[in-house]
Protein chains: 2
Amino acid sequence: MAQVHASQAFQAASALRHASEASVTAFCGSPASVQFLPPETEIFAQGECCGKLYRVEFGAVRVYRLLSDGRRQISAFHLTGEIFGFETDTVHQFFAETLCSTGISTLRLTSARNDMASELLPLALKSLVRTQQHLLVLGRQNALERIAAFLLDMSERQGDLQPIELPMSRIDMADYLGLTIETVSRALSRLKKSGVILMPSLRSVEIVKLQTLQSMAG
Amino acid sequence: MAQVHASQAFQAASALRHASEASVTAFCGSPASVQFLPPETEIFAQGECCGKLYRVEFGAVRVYRLLSDGRRQISAFHLTGEIFGFETDTVHQFFAETLCSTGISTLRLTSARNDMASELLPLALKSLVRTQQHLLVLGRQNALERIAAFLLDMSERQGDLQPIELPMSRIDMADYLGLTIETVSRALSRLKKSGVILMPSLRSVEIVKLQTLQSMAG
DNA sequence: CGCAGGTTTGAGCACCCTCAACGAATGTGG
DNA sequence: CCACATTCGTTGAGGGTGCTCAAACCTGCG
């Protein structure tokens, strides 16, 4: 029930913010082909053959890589309206899974890929810039700064509607921010105690002192 | 003199490895327009208007962002044959500077951008995958693993010719790997003492125990 | 109500950063 | 050509942030 509410919030937000991604013709032409996936469902796995792009119609997705010893780095979360699945190789280098109940529509990339390149390039560049921004966070910011930046990013992507609905667990947040779950939890507790945020439930955060949070994120 | 040798090594390597990037027609058509830049020269700065792509003909380039307090994260080094300058906005979000004496050719992106999209998309995706790989390094690997991964990456991009010529300072390596110069230096010293690498000079590294280094990098 | 999974909190420790001094390499002016 | 200055790199000592390990606490759910 809580998840349904979250999904609706994401959808409302995406209508405002992700118009450009939604305008890719091949996706709009076939709204009937939306796949409904339960939480924690694999969308694709490393080593699988690839040749599709994916659009989140509602819900949320994590894309990640693994080290041989099991350490995981989530390279991106994708919320409603966002497109993912870009890869260079013929084989996936990443894993993609749903976080919650999620609707996914797919775009087959066959030989028509060249025709669509002018539409896809801006999307790929958006992913690139977002990833580069995240590099700065992982390379040069401490735990509190990472959490602050993460909350601000999630807030913005949900249209700055308060409270923020977090579709992911603490483990996912940790593996995205290059921290442990304990450190994530401690950082959130500090923000809560200092009155910067409220946490009405485990997965919802309300930003109280926006400017303080922004100055923390750098 | 040492730099000339390094540049030649990069060129030889690129002839093998970067054929796809070199094949962008607009670059090949105008070899006369190569700009020769001295070390530590700005190519573009954050806030400047953008609308070009750049190709490294020889030498090396760093692309980076800054936090307000001066912390720097280098998002990528670009060696001979590689193309950089992709951005979504009309204004640069990054800085780009030469590391050493470098030749740069430019490609103006006007309205012809759509026509070239099918050529540019693979390059953008290559950057994206490389950046995502680097996320894993910054998020989940320790200092020794980062140095190992960095050396292997540099070695591969120079065609596995030994020794590796490093065109950047320890500061640049540190700001790329999310470490301090002291930690970079210590990690290199440990690799040297354990016989995994040789360092005939400060900026050249020879990999002696490749497998050991690979197992370190994960 | 009791269980299981996720989250929080605490104590101790390891890795990396900070600060400092020393050494090496390069460039400059005498 | 040498003396010097300057920058860069290395090495050491000490401290802090975040990780590891462990236990307690929620919270949802059967």
Fill in the blank from the handout: Taking for A:L202 and for A:N142 the nucleotide of DNA chain D with the nearest heavy atom, the one nearer the 5' end belongs to A:N142
Handout entry: Integer-rounded Å distance: C:dG6 C1' and A:E40 CD
Key = 12 Å
Practice task
Please test B:F58 against B:F36 for ring-ring contact (aromatic ring centres under 6.0 Å, His included), starting from the C-alpha separation and ending with a verdict.
Solution key: CA-CA 9 Å; B:F58 63 89; B:F36 292 84; 5.5 Å; yes
Exercise for the section: Would you kindly give the CD-to-P distance between B:Q141 and C:dA14, to the nearest whole Å? Expected result: 22 Å
Handout entry: Side-chain N or O of A:R186 closer than 4.0 Å to phosphate OP1/OP2 of C:dT9
Key = no
Exercise for the section: Under the salt bridge (Lys or Arg N to Asp or Glu O under 4.0 Å) rule, what do A:D153 and A:R130 come out as? Steps first, then yes or no, please. Expected result: CA-CA 10 Å; A:D153 182 47; A:R130 194 182 280 281; 3.4 Å; yes
Practice task
Specify the separation, in whole Å, of atom CZ of A:R170 and atom P of C:dT9.
Solution key: 10 Å
Practice task
Could you go through the salt bridge (Lys or Arg N to Asp or Glu O under 4.0 Å) check for B:E40 and B:R62 one step at a time?
Solution key: CA-CA 10 Å; B:E40 305 291 320; B:R62 62 173 168 251; 2.8 Å; yes
Exercise for the section: I would like to know whether B:F94 and B:Y64 meet ring-ring contact (aromatic ring centres under 6.0 Å, His included); could you show each step before the answer? Expected result: CA-CA 6 Å; B:F94 296 87; B:Y64 65 90; 9.0 Å; no
Practice task
Decide salt bridge (Lys or Arg N to Asp or Glu O under 4.0 Å) for A:E82 and A:R157; before the verdict, give the C-alpha distance in whole Å, the side-chain angles of both, and the deciding distance to 0.1 Å.
Solution key: CA-CA 10 Å; A:E82 298 178 358; A:R157 287 160 78 183; 2.9 Å; yes
Exercise for the section: Pull out every residue in residues 190-198 of chain A that has a heavy atom closer than 4.0 Å to any atom of DNA chain C, ordered by number, or say none. Expected result: none
Practice task
Check the distance between D:dG9's P and B:M168's CE and give it to me in whole angstrom.
Solution key: 11 Å
Handout entry: Whole-Å gap separating P (D:dG15) and CD (B:E182)
Key = 17 Å
Practice task
Taking only the side-chain nitrogens and oxygens of B:T180, find out if one of them lies under 4.0 Å from OP1 or OP2 of C:dC17.
Solution key: yes
Practice task
Taking A:T88 for its side chain and B:K126 for its backbone only, find out whether a donor-acceptor pair lies under 3.5 Å.
Solution key: no
Handout entry: Distance in angstrom units between A:D69 CG and D:dT20 P, rounded
Key = 11 Å
Completion exercise
Taken to the nearest whole Å, CZ/A:R203 to P/C:dT8 is 11 Å
Problem - side-chain N/O B:T183 vs C:dC17 OP1/OP2, d < 4.0 Å - result: yes
Practice task
Write down the atom of B:C100, the atom of B:A60, and the distance for their closest heavy-atom approach.
Solution key: SG-N, 3.7 Å
Exercise for the section: Please work out if B:S189 contacts a base, only the sugar-phosphate, or nothing of the nucleic acid, heavy-atom cut-off 4.0 Å. Expected result: sugar-phosphate
Practice task
Answer with base, sugar-phosphate or nothing: what part of the nucleic acid does A:L179 contact at a heavy-atom distance below 4.0 Å?
Solution key: sugar-phosphate
Exercise for the section: Using atom CD1 of B:I181 as one end and atom P of C:dT18 as the other, report the distance to the nearest whole Å. Expected result: 10 Å
